[in-house]
Structures are given as structure tokens and as C-alpha cells.
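Counting from 1, the numbers follow the sequence of the chain as shown. All heavy atoms count here, side chains included; hydrogens, waters and symmetry mates do not.
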Amino acid sequence: MQVEIGRTSRLGNREINQDRLGAFVSEQGTLLVLGDGLGGRPGGDLAAQALVDTIETELGLHPLPAEDPPRFLRELLRRAHRAVLLSGQEQDPPLAPGTTAVLCLIQEGKAWWAHVGDSRFYLFRDGLPIYRTQDHSYVEQLYQEGRISLAKRHGHPMRNFVTQCIGLNPGEPQVSISNSVPIQEGDVLLLCSDGFWEPLDDALIGSSLDSGSLRDTIDQLAERAEQSSYPHSDNTSAIAARVISLQQLHKKPRQTSRRRHDVNTLDGAIEEIERAIKTYEDEMK
């Protein structure tokens, strides 16, 4: 499987960028990750970096493809949660940092995604948003309960309050995980922070991503989001993968494995000869 990766992360009207991105691509699959450190609290950047670092470490220990993708994604976020808590405890004085998290796993012609908080995942096909995550936020909860209208979501004073996050509190967060979704060539899988998606319309994002260089388009959309929110723009980050080909690349057998087999075979033959010599030792004298 071949994918094209595009990414961007802009400061906006903030003193520090607390967003972090990661793209881990191999012949056996791709894993994308994005974290948006919680603003208004110290250590948001620390939490988002611990999230990405944990994912990288776990992939080194457990390379793709994942045998059980939903369980794999849940375990990655569980370990990241513990790592964020530990990173805060190691500070002087100790902190309680937190971050949103969104992951996307692509392997064997399918995609899975998981998220905590209000950073989003989108799957665009022919410019249309086929799938989108549902935010873990106070405003989304109000909307789902029918207490506010769709129009009031955007300007609500508590629109940036998340109800779930990685880190912050010892209790493990609620993780939302998708079922497997077959993907097609040309599909674009997008992960983004609220600083990216909030100022932009989903239809605009989709139509923009439908053609041209993914890297350039992502950067142009981020700049547009930043300008639309000026002078109060948040960190604006996104990472995306466009499926170029679904053809599975097959690994060649490792030469070292063959040599190991040859050595084992030779050792076995020598042992058989030695046993025969001992058996017929008297007759050979």
C-alpha cells in the first residue's frame, strides 16, 4: 500500500505551540497520530509530545500490521495516558498535563481510528466527508442532548471544554474506536486539531483535499483557518494521508533466516553421524 503524507502545524496567536504530530509509515501499514495539549494548563506541549513518543516506542516494540487493530489502538492510548501522567509527575513542581488524541491505522486495505477529546478524524472520498469523529466536548454533549442548536455550537463560550482527555486525571479516559472501514484509492484520511477544523467548513476541506499536492493543500487550509480566526487563532495543526495504491507490498524472505535453517540442518546431520559412529564403534576397530 502506498500513501502520500501531508502535514502542517502553525502557532496561531499563541505564545507556544502545544500541538504534536506523528506519521509512522512502513510496508505493512501506516499509523497517524495527533495530539493537542490542553490550553489554559501548564504542560500541554509536554503531554502531546509524550503521546507521540509513546506511540513511536510501542510501534518499535510491536511493528505493524496489528493483529487486533481496535485492541491495539486502545492499548496505545492507555499506555500514552500513563506516560503523560508520569511525565507530569517528573516535573518540579509536579504538573497535571493533558492532551487530546486522535489515531488512524491503515493496513491491509482498511482503516481504523480512535480518539479522545475534540481533535478530529475525517475520511474524505471524492471530496465528501464519509466519516467524522464525534467530539468529546461539553458543547457537543449539549447538542446531542438537544439543548442547543447547530448554529449555536460555533460561538458557544464553552466550545473548547473537552469532557475526555489523555492525562490530567488518573482515571483512564473514554476512548472512541471505529469499526474497520474499507478504503479506496484516492481516499484522504485527515487528523486535525480544533484550531484547524473549527474555522473551516467540512465541505471546503473536502473539496480542497480532492486534488493537488496534499502537503501544499494542508498548509493552505491551515493558513486560511489561522487568518479566519485572527487575532484569536489557536494552534492550527493537521496531518493527512492520501491512498495512492492499495497494492500490498510483499517482503522477500530474509536471507539470514535461510542461513539459520542451513546451519540447523548441518548441525543435525553432524549429530546423526556422531551417533552412528558410537553405535558401530566396535565393528569399526
Side-chain angles (χ1 to χ4, degrees), residues 5-24 30-60 73-91 94-105 113-122 133 135-137 159-177 189-198 218-219 222 225-226 229 233-241:
I5 303 293
R7 66 169 79 190
T8 189
S9 189
R10 303 173 71 93
L11 180 63
N13 301 114
R14 296 290 189 267
E15 294 183 358
I16 186 171
N17 191 341
Q18 299 191 99
D19 294 351
R20 296 293 187 273
L21 309 169
F24 306 98
T30 295
L31 184 66
L32 306 180
V33 54
L34 180 145
D36 177 359
L38 299 188
R41 301 187 62 87
D45 55 332
L46 184 72
Q49 188 63 55
L51 165 71
V52 176
D53 290 346
T54 300
I55 302 301
E56 183 175 16
T57 299
E58 290 300 315
L59 283 176
L73 293 175
R74 188 179 301 277
E75 182 64 16
L76 287 179
L77 289 177
R78 187 177 70 85
R79 291 180 180 273
H81 177 67
R82 293 180 178 178
V84 171
L85 293 175
L86 180 61
S87 67
Q89 295 169 3
E90 291 175 341
Q91 304 304 304
L95 303 174
T99 181
T100 69
V102 57
L103 309 179
C104 176
L105 171 63
W113 53 90
H115 83 287
V116 178
D118 63 355
S119 292
R120 289 183 177 179
F121 166 86
Y122 290 86
T133 51
D135 306 332
H136 296 151
S137 68
R159 64 186 182 279
N160 299 125
F161 282 70
V162 296
T163 56
Q164 300 291 329
C165 71
I166 298 294
L168 190 60
N169 299 310
E172 292 190 5
Q174 172 187 327
V175 178
S176 295
I177 301 179
L189 302 99
L190 170 70
L191 287 62
C192 54
S193 64
D194 61 338
F196 183 93
W197 62 256
E198 191 171 32
I218 287 286
D219 202 48
E226 192 177 43
S229 303
S233 57
D234 196 359
N235 301 152
T236 306
S237 301
I239 185 166

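- Sorted by first and then second residue, the salt bridge (charged side-chain N to carboxylate O under 4.0 Å, His left out) pairs involving residues 33-56 (not counting sequence neighbours) form an empty list.
- Not a single donor-acceptor pair under 3.5 Å links the side chain of Gln89 to the backbone N or O of Pro94.
- Between Trp197 and Leu190, every side-chain heavy-atom pair lies at or beyond the 4.5 Å cut-off.
- In this structure, the side chains of Leu38 and Cys165 come closer than 4.5 Å at one or more pairs of heavy atoms.
- Among all heavy-atom pairs drawn from Ala114 and Leu77, the shortest one is CB-CD1, 4.0 Å.
- Judged as a salt bridge (charged side-chain N to carboxylate O under 4.0 Å, His left out), the pairs with a partner in residues 77-88 (not counting sequence neighbours) are, in order, Glu58-Arg79, Glu75-Arg78, Glu75-Arg79.
- For the atom pair OG1 of Thr30 and CG of Leu189, the computed distance is 9.5 Å after rounding to the nearest 0.5 Å.
- No side-chain donor-acceptor contact under 3.5 Å links Asp234 and Ser193.
- Rounded to the nearest 0.5 angstrom, Gln49 CD and Ser87 OG are separated by 10.0 Å.
- Rounding to the nearest 0.5 angstrom, the gap separating the CD1 atom in Ile239 from the CD1 atom in Ile5 is 6.0 Å.
- Considering all non-hydrogen atoms of both residues, Asn235 and Gln18 come closest at OD1-N, 2.8 Å.
- For the atom pair CD (Glu90) and CG (Leu86), the distance works out to 4.0 Å, reported to the nearest 0.5 Å.
- Two residues are said to be in side-chain contact when any heavy atoms from C-beta on lie closer than 4.5 Å; Gln164 and Val116 meet this criterion.
- Between Asn17 and Ser9, the shortest heavy-atom contact is ND2-OG, 2.9 Å.
- For the pair His81 (side chain) and Leu168 (backbone), a donor-acceptor distance under 3.5 Å is absent.
- Residues Arg10 and Asp219 are paired through a salt bridge, judged by an N-O separation under 4.0 Å between the basic side chain and the carboxylate.
- Closest non-hydrogen pair, Ala101 versus Leu51, comes out as CB-CD2, 3.8 Å.
- The line from CG of Leu191 to OG of Ser237 is 11.5 Å long, rounded to the nearest 0.5 Å.
- Looking at every heavy atom in both residues, Ala238 comes nearest to Leu21 through O-CD1, 3.7 Å.
- With contacts defined as side-chain heavy-atom distances shorter than 4.5 Å, the pair Thr100/Asp118 qualifies.
- The minimum heavy-atom distance between Leu32 and Ala23, with the atom names listed, is CD2-CB, 3.8 Å.
- Residues Leu73 and Leu31 form a side-chain contact, since some pair of their non-hydrogen atoms from C-beta on lies under 4.5 Å apart.
- Here the CG-CZ distance, from Asp19 to Arg14, works out to 10.0 Å after rounding to the nearest 0.5 Å.
- Side-chain contact between Arg120 and Asp135 is present, with at least one heavy-atom pair separated by less than 4.5 Å.
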